[in-house]
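We use all heavy atoms of the structure for the numbers below, so side chains are in, but hydrogens, waters and symmetry mates are not. Residue numbering restarts at 1 for every chain, and letters A, B, ... go by the order of the sequence lines.
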Protein chains: 2
Amino acid sequence: MKSKIALECLSALAHEHRLNLFRLLVQAGDEGMAVGELVEATGLAGATLTNHLNILRRAGMVTDERRGRVIQCRADYTQMDALLGFLTENCCTGSPGKNCKPASSCKPTRKTP
Amino acid sequence: MKSKIALECLSALAHEHRLNLFRLLVQAGDEGMAVGELVEATGLAGATLTNHLNILRRAGMVTDERRGRVIQCRADYTQMDALLGFLTENCCTGSPGKNCKPASSCKPTRKTP
DNA sequence: TTCATATTTCCAGAATAGTCGAAATATATG
DNA sequence: CATATATTTCGACTATTCTGGAAATATGAA
């Protein structure tokens, strides 16, 4: 992951509402949550929520898919993984004697099928 | 790590200059870097740099120690580790079937003695 | 087509963050 | 003490981000 994208991811998560939003989506698992459900869950105005979602989308932390009138959002675990990797790398590289193990793998939690 | 502190850490790192600053300190290892050296390295005005340092300090990502007239700064690896732990936990907990391994350990890179 | 629902875009005001010169503080040295 | 160096605080300005109402767009249903 490039520094610029890592910065976008960090900025995306560095806000109370957006961190909360991302956690909600993580907990929702593969199913994800509709924008309307997120409005309900957070109590934010629609326009405000869309703004935050757009920031998470631009950073690649959230993906979505239209299902009829509803837009279903999901946390992107791959991007979160890449961010963890970036932080881990940049915590120790650049000098000899690296001490960091590779970032832990972060897979979606599947709903019981 | 509590959510509020994690947010402070994320906000601290979510800025071009501060991420750069933190990386410089990580690369500097246990020795750390003086504020003056950081001013040189970044080209920022003293007041601006102090502002960014204060944000990193409040978040616990940077510690420092006075050595005579000079203030020597260091990256706090423990806090970085805690942040990685928080992100990893919150990437998968809250629902059954956790898939994340524990966050990798992040130790300072020691200068060759 | 007409109506209802879901979401986004547009816009503007309010709040917060970033920047840096100048003055203040802390420490060392002569 | 007086002077020099290192860093921080203060104060003011600019830039960015956050917020939500209202209008626009998209889809589905009658």
Side-chain angles (χ1 to χ4, degrees), chain A residues 3-25 28 31-76, chain B residues 3-25 28 31-76:
Chain A
S3 188
K4 197 192 158 196
I5 298 185
L7 256 156
E8 255 192 299
C9 291
L10 287 169
S11 297
L13 294 179
H15 186 279
E16 188 186 350
H17 294 160
R18 290 194 297 265
L19 186 58
N20 186 31
L21 224 37
F22 187 76
R23 291 168 78 176
L24 282 172
L25 290 176
E31 185 62 17
M33 282 175 85
V35 175
E37 292 177 305
L38 291 170
V39 166
E40 277 250 332
T42 60
L44 295 173
T48 304
L49 192 109
T50 295
N51 178 29
H52 288 313
L53 277 179
N54 282 340
I55 290 168
L56 287 163
R57 284 162 175 153
R58 242 176 293 150
M61 303 294 297
V62 165
T63 58
D64 47 28
E65 171 197 11
R66 184 176 274 277
R67 281 192 199 168
R69 277 182 293 201
V70 167
I71 290 180
Q72 198 74 7
C73 302
R74 287 188 205 79
D76 189 318
Chain B
S3 186
K4 196 190 160 194
I5 299 185
L7 252 154
E8 258 193 299
C9 291
L10 286 169
S11 297
L13 294 179
H15 186 279
E16 187 185 349
H17 294 158
R18 290 194 297 265
L19 185 58
N20 185 31
L21 225 37
F22 187 76
R23 291 168 78 176
L24 282 171
L25 290 175
E31 184 63 17
M33 283 175 84
V35 175
E37 292 178 304
L38 291 171
V39 166
E40 278 251 331
T42 60
L44 295 173
T48 303
L49 194 109
T50 294
N51 179 29
H52 288 312
L53 278 178
N54 282 340
I55 290 168
L56 286 162
R57 284 163 176 151
R58 244 176 301 167
M61 303 294 298
V62 166
T63 58
D64 46 29
E65 171 198 10
R66 183 177 275 276
R67 281 191 199 168
R69 277 183 291 200
V70 168
I71 290 180
Q72 199 75 10
C73 302
R74 287 189 205 79
D76 189 317

- Query: Between the side chains of B:Asn20 and B:Arg23, is a donor N or O closer than 3.5 angstrom to an acceptor N or O?
  - Reply: no
- Whole-Å distance separating the CD1 atom of A:Ile55 from the C1' atom of C:dT8: 14 Å
- Integer-rounded Å distance: C:dG18 P and B:Leu19 CG: 13 Å
In Å and rounded to the nearest 0.5 Å, what is the [atom1] to [atom2] distance from [X] to [Y]?
X: B:Leu10; Y: B:Met61; atom1: CG; atom2: CE; value: 9.0 Å
X: A:Asn54; Y: A:Leu49; atom1: CG; atom2: CG; value: 9.5 Å
X: B:Ile71; Y: B:Met33; atom1: CD1; atom2: CE; value: 15.0 Å

- side-chain hydrogen bond (donor to acceptor under 3.5 Å, both in side chains) pairs, two or more places apart, involving residues 67-76 of chain A: A:Glu65-A:Arg74
- Which residues in residues 56-75 of chain B have at least one heavy atom lying under 4.0 Å from any atom of DNA chain C? B:Arg66, B:Gly68, B:Arg69
Under 3.5 Å, which donor-acceptor pairs do the side chains of residues 12-19 of chain A form with other protein atoms, sequence neighbours left out?
unit_1, atom_1, unit_2, atom_2, d
A:His15, ND1, A:His17, N, 3.1
A:Arg18, NE, A:Ala12, O, 2.8
A:Arg18, NH1, A:His52, ND1, 3.1
A:Arg18, NH2, A:Ser11, O, 3.1

- Message: Testing the basics here: between A:Thr42 and A:Leu38, what is the closest heavy-atom pair and its distance to 0.1 Å?
- Response: OG1-O, 2.8 Å
- On a heavy-atom basis, the closest approach of B:Gly46 and B:Val39 is CA-CG2, 4.3 Å
- Query: Are A:Cys73 and A:Glu37 side-chain neighbours, meaning at least one heavy-atom pair lies under 4.5 Å?
  - Reply: no
- Task: Look at the side-chain N and O atoms of B:His17 and state whether any lies under 4.0 Å from the OP1 or OP2 oxygen of C:dT19.
- Result: yes
- Ordered by number, residues from residues 36-52 of chain A within less than 4.0 Å of DNA chain D (heavy atoms) are A:Ala45, A:Ala47, A:Thr48, A:Asn51, A:His52
- Task: Only counting residues at least two apart or in another chain, list the ones meeting side chain to side chain contact (heavy atoms under 4.5 Å, CB included) with A:Asn51.
- Result: A:Ile55
- Outermost nucleotides of DNA chain D that come under 4.0 Å of a non-hydrogen atom of chain A: D:dC18 to D:dG28
